[in-house]
2 protein chains.
Amino acid sequence: MLHEQIEINEAAVILKLLGDKTRLTMVKILDKQECCVCEFVEIFQTSQPAISQHLRKFRDLDLVKEERRGQWIFYSINKNNELYPLIQQILQFLPSQEFRLKKLEEDGTRISCC
Amino acid sequence: MLHEQIEINEAAVILKLLGDKTRLTMVKILDKQECCVCEFVEIFQTSQPAISQHLRKFRDLDLVKEERRGQWIFYSINKNNELYPLIQQILQFLPSQEFRLKKLEEDGTRISCC
DNA sequence: TGTATATATAAGCAAATAATTATATACTTA
DNA sequence: TAAGTATATAATTATTTGCTTATATATACA
């Protein structure tokens with residue numbers, strides 16, 4: 001067995017968290033680059049509170065790091081989290097989502113903040 | 001990239017399915033041995049319809065195979081499912097649940113069917 | 001054939017979840 | 001300091017989920 005073991009209950013919590021297409025996409029993006037709230041709002045064409053609430057769930061599990069820079073708060077994935085190896089394995093199966101940020105750039109909507 | 005890619009939406013569906021401690025434990029067990037409904041009822045100390053409903057979700061995604069033998073229906077994991085490689089990776093992080101069936105045997109409650 | 005056992009399904013309900021709307025906080029800049 | 005922007009939080013609501021109870025189906029066996 002190569003991995004640190006994760007208790008079933010704890011694993012179920014993280015899997016449920018990732019079992020939402022918005023959050024799963026967010027994590028896939030954050031695994032490659034940091035991102036601020038306004039970009040997620042643009043990418044998912046949803047409300048800012050909806051995004052903030054998804055991010056809070058990640059924060060509550062210490063899965064992301066946040067760093068304020070001026071008005072903006074940048075989120076990145078916390079690779080030190082004990083659950084990160086599991087997350088990383090899962091993300092390997094998912095297609096790159098870099099096109100989403102590329103699209104923002106092309107549209108000129110990769111907002112001021114970034 | 002070693003794996004077949006899985007669309008984000010499809011991955012979110014399976015992760016949500018695994019994001020329940022009962023179902024996650026069921027899959028971990030089924031990955032090692034087939035099991036019938038009555039055993040799950042005993043293991044989880046829950047109702048038979050509750051177990052049947054969990055199993056139906058697996059069947060709907062073709063994640064399990066069922067085989068009737070007399071009165072009993074034995075479930076096993078469908079290793080041919082395109083999502084199985086992802087599931088297998090996830091299960092690697094989880095502690096063995098074989099003790100649960102061992103306990104049934106010791107208790108003499110590894111019921112008539114098995 | 002009648003009764004018992006194993007399983008599935010349907011209906012109803014309570015809890016959990018995810019969105020919305022409204023508001024608060026923090027920072028920037030004029 | 002006032003106005004604007006980015007983000008968080010709280011309250012409300014709609015939807016989803018997982019359980020229960022009741023019932024149906026399939027098989028076994030006396």
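All values below come from the heavy atoms of this structure, side chains included, with hydrogens, waters and symmetry mates left out. Every chain is numbered from 1, with letters handed out A, B, ... down the list of sequences.
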J.: Between the base of dA26(C) and the side chain of Q71(A), is there any donor-acceptor pair under 3.5 Å?
T.: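 No such pair is found, so the answer is no.
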J.: Specify the separation, in whole Å, of atom NZ of K21(A) and atom P of dT17(C).
T.: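 From K21(A) NZ to dT17(C) P: 17 Å.
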J.: Let's see if you can work this out: which of dA26(C), dC19(D), dT17(D) has an atom nearest to the side-chain heavy atoms of A50(B)?
T.: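 Closest of the options to the side chain of A50(B): dC19(D).
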J.: Nearest whole angstrom, please: distance from the C1' of dA16(C) to the CG of L17(A).
T.: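 Interatomic distance, CG of L17(A) to C1' of dA16(C): 14 Å.
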J.: Closest-nucleotide mapping onto DNA chain C: is R68(A) or T22(A) further toward the 5' terminus? I mean the 5' end.
T.: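 That would be T22(A).
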J.: Quick one: L24(A) CG to dA18(C) C1', roughly how many Å, whole number?
T.: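 Distance check: L24(A) CG to dA18(C) C1' gives 16 Å.
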J.: Touch check for R69(B), heavy atoms < 4.0 angstrom, all strands: base, sugar-phosphate only, or nothing?
T.: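 Touches nothing.
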J.: Measure from the side chain of C38(A), starting at C-beta and using heavy atoms only, and say which of dT17(C), dT20(C), dT7(D) lies closest.
T.: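 Nucleotide nearest to C38(A)'s side chain: dT7(D).
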J.: When you measure from the side chain of K57(A), which nucleotide among dT17(C), dA26(D), dT9(C) comes out closest?
T.: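 Nearest nucleotide to the side chain: dT17(C).
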J.: If only side-chain N and O atoms count, and only distance matters, is there a donor-acceptor pair under 3.5 Å linking Q53(B) with R56(B)?
T.: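 No.
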J.: Would you kindly compare P49(B) and G70(B) by the position of their nearest DNA chain D nucleotide and give the one closer to the 5′ end?
T.: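 Of the two residues, P49(B) wins.
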J.: Find out whether E98(B) and Q33(B) are in side-chain contact, i.e. whether some heavy atom of one side chain is under 4.5 Å from a heavy atom of the other.
T.: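 Side chain of E98(B) against side chain of Q33(B), heavy atoms only: contact under 4.5 Å found.
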J.: To the nearest angstrom, how far is E66(A) atom CD from dC27(C) atom P?
T.: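 It is 12 Å, rounded to the nearest whole Å.
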J.: Check whether any side-chain heavy atom of C35(B) lies under 4.5 Å from a side-chain heavy atom of L30(B), and answer yes or no.
T.: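 Yes - at least one pair of side-chain heavy atoms lies under 4.5 Å apart.
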J.: Take the protein atom CD of Q48(B) and the nucleotide atom P of dT25(D), then report the distance between them rounded to whole Å.
T.: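 Atom-to-atom, Q48(B) to dT25(D), this comes out as 15 Å.
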J.: Taking only side-chain nitrogens and oxygens of R23(B), does any of them come within less than 4.0 Å of OP1 or OP2 of dG18(D)?
T.: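 So the side chain of R23(B) is within the cut-off, an N or O lying under 4.0 Å from OP1 or OP2 of dG18(D).
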J.: May I ask you to say what F44(B) touches in the nucleic acid, namely base, sugar-phosphate or nothing, with a heavy-atom cut-off under 4.0 Å?
T.: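 Touches nothing.
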J.: Return the nearest nucleotide to the side chain of S47(A); candidates are dC27(C), dT21(C), dA10(C).
T.: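 Given the options dC27(C), dT21(C), dA10(C), the side chain of S47(A) is closest to dT21(C).
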J.: Figure out the CD/C1' separation between E67(A) and dC27(C), and round it to whole Å.
T.: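 In whole Å, dC27(C) C1' and E67(A) CD are 15 Å from each other.
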J.: Counting any heavy atom closer than 4.0 Å, what does Y75(B) reach on the DNA or RNA strands: base, sugar-phosphate only, or nothing?
T.: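 Y75(B): backbone/sugar contact only, no base atoms under 4.0 Å.
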J.: Is it the case that dT17(C) (base atoms only) and Q53(A) (side chain only) share a donor and an acceptor within less than 3.5 Å, ignoring hydrogens and angles?
T.: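 No.
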J.: Below 4.0 angstrom from OP1 or OP2 of dC19(D), is there any side-chain N or O of H54(B)?
T.: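 Looking at the OP1 and OP2 atoms of dC19(D), one of them is under 4.0 Å from a side-chain N or O of H54(B).
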J.: State whether the number of non-hydrogen atoms from other residues, nucleotides or ligands found under 6.0 Å of Q88(A) atom CD is greater than 12.
T.: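 Atom CD in Q88(A) is packed in, count exceeds 12.
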J.: Rounded to the nearest Å, what distance is computed from the CZ atom of residue F40(B) to the P atom of nucleotide dC19(D)?
T.: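 The distance from CZ of F40(B) to P of dC19(D) comes to 14 Å, rounded to the nearest Å.
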J.: Just the rounded figure in Å: distance from P of dT9(D) to CD1 of I51(A).
T.: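 Rounded to the whole Å, the gap is 15 Å.
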J.: Under 4.0 Å: is that the gap between some side-chain N or O of R59(B) and OP1 or OP2 of dT9(C)?
T.: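 For R59(B), the contact criterion (side-chain N or O under 4.0 Å from OP1 or OP2 of dT9(C)) is met.
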J.: Does the Lys NZ or Arg CZ of R69(A) fall within the cation-pi geometry relative to F74(A) - under 6.0 Å from the ring centre and within 45° of the axis?
T.: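 Relative to the ring axis of F74(A), which defines the angle, R69(A) lies inside both limits.
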J.: From dT7(C), dA8(C), dA26(C), pick the nucleotide closest to the side chain of W72(B)?
T.: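 Closest nucleotide to the W72(B) side chain: dT7(C).
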J.: Side-chain contact test, heavy atoms from C-beta onward, threshold under 4.5 Å: evaluate it for K79(A) versus I77(A) and give yes or no.
T.: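 They are in contact (side-chain heavy atoms under 4.5 Å apart), so the answer is yes.
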J.: OP1 or OP2 of dT7(D) versus the side-chain N and O atoms of S52(A): is any pair under 4.0 Å?
T.: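 For dT7(D), OP1/OP2 do not have a side-chain N/O of S52(A) under 4.0 Å.
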